[in-house]
Amino acid sequence: MIGVFDSGYGGLTILRQIRQVLPQYDYMYLGDNARAPYGTRSFSVIYEYTLQAVRYLEAQGCSLIILACNTASAKALRSIQQRDIDPAKVRVLGVIRPTAEAAPMRTRTGHIGVLATPGTVSSESYVLELQHQNPDLVVTQQACPMWVPLIEAGEHKHEGADYFVEKYITMLLAQDPKIDTIILGCTHYPLLLPKIQEAVAGMGIDIMAQGEIVALSLQDYLQRHTDIAQRLAPKQEGMGSVCYLTTESAEKFAGSASVFLSEPIEAQHIEW
């Protein structure tokens, strides 16, 4: 079984794309909604919360876990991989590296912008990963502290969100007008994609959402690691199952998750 973890709902955009590319596996989604958002929390707290989720998913039988949260990927992934897991039993992957690997192939000017939570921006994980791919890339970041609260409050489609979308994009482009590729460095942000695209209309800017990128990267990973793919027990025919877990109210999660998945679901409440 593949585990997918996020601090809230944003990872559902990743799960949706992964299931489209790899429908034959069983999935377990865990949202730590009771303690969301992670974006403004300290390194030590994010690490503690993320490790707790990884331990839980591993105990439920997940032998591959995706941290579908940029903040957790930025601030906890490396430590967990290096000192907290046995790779012979479980693998933990993030969303930043596959995104950083794809971005250099899409920019024409070599100037890339990153819109993300304050936690992801302060970690500079995207800067490091992108410049590891190509040291000549110019990477500019902009924190968007209001975007996740707007999305989780269901306000992202309303006119009031326009101000904050335009505000952060304007701030990013003011730092570097040569940016031609913008990474949405938070899995919540695809829900703002229509407004983001409208804000950059006519500028020739490529907007990179992570769902399809991460899904195709995972597909490639499993093709290269056939032992792990077989351990996940793929279905020979039809689609695998998916189980939704939340640390918040199951009813509230199911209602909000339907916005991200465009379909009704059932969820279960868990306690640590």
Side-chain angles (χ1 to χ4, degrees), residues 2-20 27-41 45-46 49-50 52-54 56-57 62 65-76 94-96 99 115-120 143-158 160-161 164-165 168 183-196 209-215 218 242-272:
I2 298 176
V4 179
F5 169 70
D6 185 29
S7 59
Y9 299 101
L12 294 167
T13 63
I14 301 293
L15 174 63
R16 181 176 60 190
Q17 293 288 339
I18 290 176
R19 291 191 73 209
Q20 288 181 4
Y27 295 89
M28 178 174 286
Y29 182 89
L30 172 56
D32 189 13
N33 305 80
R35 301 188 294 199
Y38 280 15
T40 56
R41 295 186 182 273
V45 169
I46 293 167
Y49 289 177
T50 304
Q52 191 174 21
V54 167
Y56 184 90
L57 288 169
C62 296
I65 299 169
I66 309 298
L67 301 186
C69 171
N70 284 270
T71 304
S73 294
K75 293 197 169 187
V95 294
I96 291 177
T99 309
L115 297 169
T117 66
T120 298
C144 308
M146 287 300 297
W147 282 11
V148 170
L150 280 169
I151 292 167
E152 297 218 339
E155 296 293 326
H156 58 285
K157 292 184 178 181
H158 299 158
F164 290 103
V165 169
Y168 297 133
I183 294 171
L184 302 185
C186 174
T187 53
H188 283 69
Y189 294 177
L191 271 73
L192 285 169
L193 189 57
K195 291 185 181 296
I196 294 169
Q210 294 178 294
E212 184 178 8
I213 294 168
V214 173
L218 179 58
V242 57
C243 174
Y244 298 95
L245 307 175
T246 177
T247 55
E248 245 284 8
S249 158
E251 293 76 18
K252 179 181 178 183
F253 179 89
S256 296
S258 64
V259 175
F260 289 78
L261 296 171
S262 300
E263 63 180 10
I265 67 157
E266 293 185 2
Q268 302 173 37
H269 168 75
I270 67 162
E271 294 184 1
W272 301 114

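Worth saying up front: this structure is predicted, and the values here are computed from it rather than measured.
The shortest distance between side-chain heavy atoms of L191 and Y9 does not fall below 4.5 Å. Proximity of F253 to H269: side-chain heavy atoms (C-beta onward) are nowhere separated by under 4.5 Å. Between Y244 and L15 there is a side-chain heavy-atom pair separated by less than 4.5 Å. Between S7 and R41 the shortest side-chain heavy-atom distance does not fall below 4.5 Å. With contacts defined as side-chain heavy-atom distances shorter than 4.5 Å, the pair I270/L30 qualifies.
One finds the CD atom of Q17 at 12.5 Å from the OG1 atom of T187 (value rounded to the nearest 0.5 Å). From I66, atom CD1 reaches atom OG of S73 across 9.0 Å, with rounding to the nearest 0.5 Å. Taken to the nearest 0.5 Å, the CE atom of M28 stands 14.0 Å off from the CZ atom of F5.
One side chain, E251 or S249, offers a donor N or O that lies under 3.5 Å from an acceptor on the other. Side-chain atoms of Q210 and N70 include a donor-acceptor pair closer than 3.5 Å.
Figure legend: R35 and Y49 shown as a cation-pi pair, the cationic atom lying under 6.0 angstrom from the six-membered ring centre and within 45 degrees of its axis.
Enclosure of atom CD in E155 by more than 12 non-hydrogen atoms of other residues, nucleotides or ligands within 6.0 angstrom is indicated. Atom CD of Q52 sits in a crowded spot, with more than 12 heavy atoms from other residues, nucleotides or ligands closer than 6.0 Å.
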